[in-house]
Amino acid sequence: MSIPRHWRLQNQRYSMVGEVCNACGAKLFPPRDVCPECSKPAYEPYRFSGNGKVYSYSTVYQAPSGYEAFVPYTVALVKLDEGPLVSAQLTDVDGEEVEIGMPVEMVTRKLREEGEDGLIVYGYKFRRLLREEAA
Amino acid sequence: MRDVSIIGIGQTEVAEHWDRSLRHLAGDAVLAAMQNAGVETADALYVGNMLSGLLTGQEHLGALIADFVGLRGIEAVKVEAACGSGAAALRLGYAAVAGGLHDVVIVAGVEKMTDTVNAETTTGLVMAADADYESIHGLTFVSINALLMRRYMHEYGVGHADFAPFSVNAHRNAVGNPYAMFRRPITVEQFGRARMISDPINLLDSSGIGDGAAAVVLVPASMAKEYTNGRAVRILASSMATDAVAVHDRPDPLWLSAVEASAFKAYQQAGVGPRDIDLFELHDAFTIMSALSLEASGFAERGRGVWLAEAGEITREGRIPICTMGGLKARGHPVGATGIYQIVEVVQQLRGKAGVNQIGNARLGMAQNIGGSGATVITHILEAEA
């Protein structure tokens with residue numbers, strides 16, 4: 001499948017680089033060039049910490065093509081500490097141990113293998129926060 | 001702007017039509033609608049469809065189907081808005097007639113979903129979501145709805161069983177609909193035991209995937225009296241609204257803002273409110289969508305959609321009957337055709353031709369078709385003509 005399609009998102013997939021709106025300060029992930037909060041241009045890159053909390057989660061038993069080998073796997077909406085929600089898989093955790101509000105951190109993992117060429121797509125997943133920062 | 005009426009309807013059974021191709025299904029529905037309307041030709045054809053390219057290798061449905069039904073030469077085009085494709089096509093057909101571009105317009109919805117295996121169909125359905133930021137992470141369309149349902153249960157303190165009345169009602173109503181895919185009742189116990197798809201969503205939370213086609217014929221209301229086959233039904237309101245495609249891009253995922261915008265624009269256009277609606281064909285792709293749609297459309301307070309169902313208010317005898325012919329859950333959900341099935345069913349109710357499923361004194365009916373998990377929402381309000 002299309003290599004450029006994944007290559008051009010490398011900063012998002014590997015480093016969680018979004019944008020910050022210079023007009024209102026909103027932090028945006030994914031990057032989108034126009035701030036949804038104030039409709040002003042938002043081009044300034046902003047790297048997210050990758051830390052957040054589980055907002056919701058679900059364990060998938062019926063997967064689309066390319067993901068069958070991972071079943072069952074757990075997907076989540078993660079509320080990043082900086083504000084945005086992000087969709088991703090949870091990793092290194094049993095679906096039954098997950099709960100809403102659980103602190104998580106971003107890690108880089110294999111997302112899928114594309115087609116017969118075996119192009120491996122890497123990107124962010126989230127695991128349970130290993131060390132709770134002393135608050 | 002001219003008033004617009006629906007003068008004819010047609011539909012195929014929603015089923016696994018091994019013996020019928022996409023063009024045959026669409027043809028069956030279009031020809032049935034033309035016969036029901038008493039028209040022999042049309043000025044334009046709009047075809048709602050989502051997945052023909054991926055699942056059957058066929059795009060370009062406008063010209064294909066126009067030619068197939070004997071209307072070679074007319075204006076014809078496919079309209080795509082994920083699961084909202086059907087009603088999006090109707091919206092364009094409505095605009096063409098209301099705006100005076102055309103007098104006789106056919107709007108069809110068609111989907112062929114059972115030629116492929118599960119994983120391919122699942123791949124197709126998730127194309128309604130954000131490919132770069134949802135699907136690549138292994139999110140399925142079901143799991144996106146499951147994320148909403150889990151959060152709903154968490155925030156409002158409801159259990160999975162509290163969603164049972166939606167599916168029980170849909171299946172009960174499908175029994176009396178000869179075009180429905182699952183014409184059998186289910187129990188609360190069966191609902192609780194069904195196979196898990198993406199927890200908390202199980203098989204009986206989910207609408208049925210099937211093949212099907214439906215069609216309607218539109219004319220200016222002033223011309224409707226020239227056609228005598230069946231009572232005409234007036235389109236009192238037609239509205240579309242959008243939201244972010246990805247759920248993570250919405251500030252408040254449990255509030256379907258495009259449902260609210262679309263429904264309330266429609267109420268305003270029709271000069272009515274939720275209390276005036278006699279039946280509501282909503283987009284019950286999953287039980288959670290029924291609850292969220294009832295809330296954002298003004299039929300229940302936030303977090304109270306499930307309780308409206310628990311109280312029996314969504315049944316044919318209740319205050320706001322929904323899914324009166326089985327809904328997406330039990331009539332079946334041939335995605336790009338669903339929006340037109342909803343319209344066909346509202347017309348059946350308003351004509352008094354819904355058989356054993358007839359709602360008493362049905363005068364105003366609302367249909368709401370949703371693309372994705374709330375990103376495109378099209379609402380129509382129809383009125384029985386005297």
Side-chain angles (χ1 to χ4, degrees), chain A residues 1-2 5-6 8-9 12-13 18 26 28-32 36-37 54-80 83-91 95-96 98-101 109-112 114 121-126, chain B residues 54 116-155 194-203 205-206 209 243-254 257 286 288 373:
Chain A
M1 227 180 106
S2 169
R5 187 194 142 197
H6 300 297
R8 65 177 166 257
L9 291 174
Q12 284 70 49
R13 294 265 169 81
L28 310 174
F29 190 88
R32 46 170 47 242
E37 306 285 330
V54 172
Y55 175 87
S56 191
Y57 64 96
S58 173
T59 300
V60 176
Y61 296 92
Q62 192 169 303
S65 307
Y67 298 86
E68 296 101 323
F70 297 101
V71 166
Y73 57 89
T74 301
V75 298
L77 284 166
V78 173
K79 179 84 171 162
L80 298 174
L85 280 172
V86 59
S87 300
Q89 282 187 36
L90 299 182
T91 186
E96 291 172 10
V98 181
E99 55 187 39
I100 289 175
R109 291 285 187 273
K110 181 161 79 176
L111 296 183
R112 64 170 294 168
E114 296 271 6
V121 181
Y122 290 97
Y124 50 82
K125 293 188 182 181
F126 288 83
Chain B
L54 181 79
T116 42
V117 296
N118 248 339
E120 283 179 76
T121 313
T122 302
T123 301
L125 291 172
V126 80
M127 288 182 174
D130 184 324
D132 284 344
Y133 291 97
E134 292 184 306
S135 323
I136 189 65
H137 293 285
L139 273 76
T140 60
F141 193 59
V142 185
S143 70
I144 290 168
N145 285 272
L147 291 168
L148 294 175
M149 187 166 176
R150 167 99 61 201
R151 185 71 196 185
Y152 186 99
M153 291 162 65
H154 173 80
E155 283 199 17
R195 176 166 63 85
M196 196 60 78
I197 308 289
S198 186
D199 73 334
I201 290 183
N202 73 26
L203 189 66
D205 285 297
S206 316
I209 285 169
D243 196 355
V245 164
V247 167
H248 59 234
D249 282 331
R250 301 180 195 158
D252 182 2
L254 291 186
S257 63
F286 302 95
I288 179 66
S373 48

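All values derive from a computational prediction rather than experimental measurement. Per chain, numbering begins at 1; letters A, B, ... match sequence-line order.
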Toward chain A, the part of B:A131 with a non-hydrogen atom under 4.5 Å: both
Is it the backbone or the side chain of A:Y124 that comes under 4.5 Å from a heavy atom of chain B, or both, or neither? both
Only pairs of heavy atoms separated by less than 4.5 Å count here; which of B:A119, B:A146, B:P253 has the most with chain A? B:A119
Interface moiety of A:L9 toward chain B, non-hydrogen atoms closer than 4.5 Å: side chain
Is it the case that B:R150 places NZ or CZ above or below the six-membered ring of A:Y57, under 6.0 angstrom from the centre and within 45 degrees of the axis? yes
Below 4.5 Å, heavy-atom pairs only: which of A:Y67, A:F70, A:Y55 has the largest tally toward chain B? A:Y55
Polar side-chain atom of A:S65 near backbone of B:T123 as donor-acceptor pair, under 3.5 Å: no
Top residue by heavy-atom pair count (under 4.5 Å) with chain A, among B:D199, B:I201, B:I144? B:D199
Are A:H6 and A:R112 close enough that some pair of their side-chain heavy atoms sits under 4.5 Å apart? no
With the side chain counted from C-beta on, respond yes when A:P30 and B:D249 share a heavy-atom pair under 4.5 Å apart, and no when they do not. yes
Using non-hydrogen atoms only, which part of A:V121 is less than 4.5 Å away from chain B: side chain, backbone, both, or neither? side chain
Contact origin within A:Q12 toward chain B - heavy atom pairs under 4.5 Å: side chain
Contact part of B:S135 toward chain A, heavy-atom cut-off under 4.5 Å: side chain, backbone, both or neither? backbone
Among B:T140, B:V117, B:V247, B:D132, single out the residue with the greatest number of heavy-atom pairs under 4.5 Å to chain A. B:D132
Counting heavy-atom pairs closer than 4.5 Å to chain A, which one of B:R250, B:E134, B:M196, B:E120 comes out on top? B:M196
Who wins among B:D130, B:V126, B:N118 for the most heavy-atom pairs under 4.5 Å with chain A? B:N118
Can you find a pair of side-chain heavy atoms, one from B:S257 and one from B:D252, that are under 4.5 Å apart? no
The reported gap from CD in A:Q62 to CD in A:E68 (rounded to nearest 0.5 angstrom) is 10.5 Å
Taking C-beta and beyond as the side chain, do A:K125 and A:L111 meet within less than 4.5 Å on heavy atoms? yes
When you compare the side chains of B:H137 and A:S87, does any donor N or O come within less than 3.5 Å of an acceptor on the partner? no
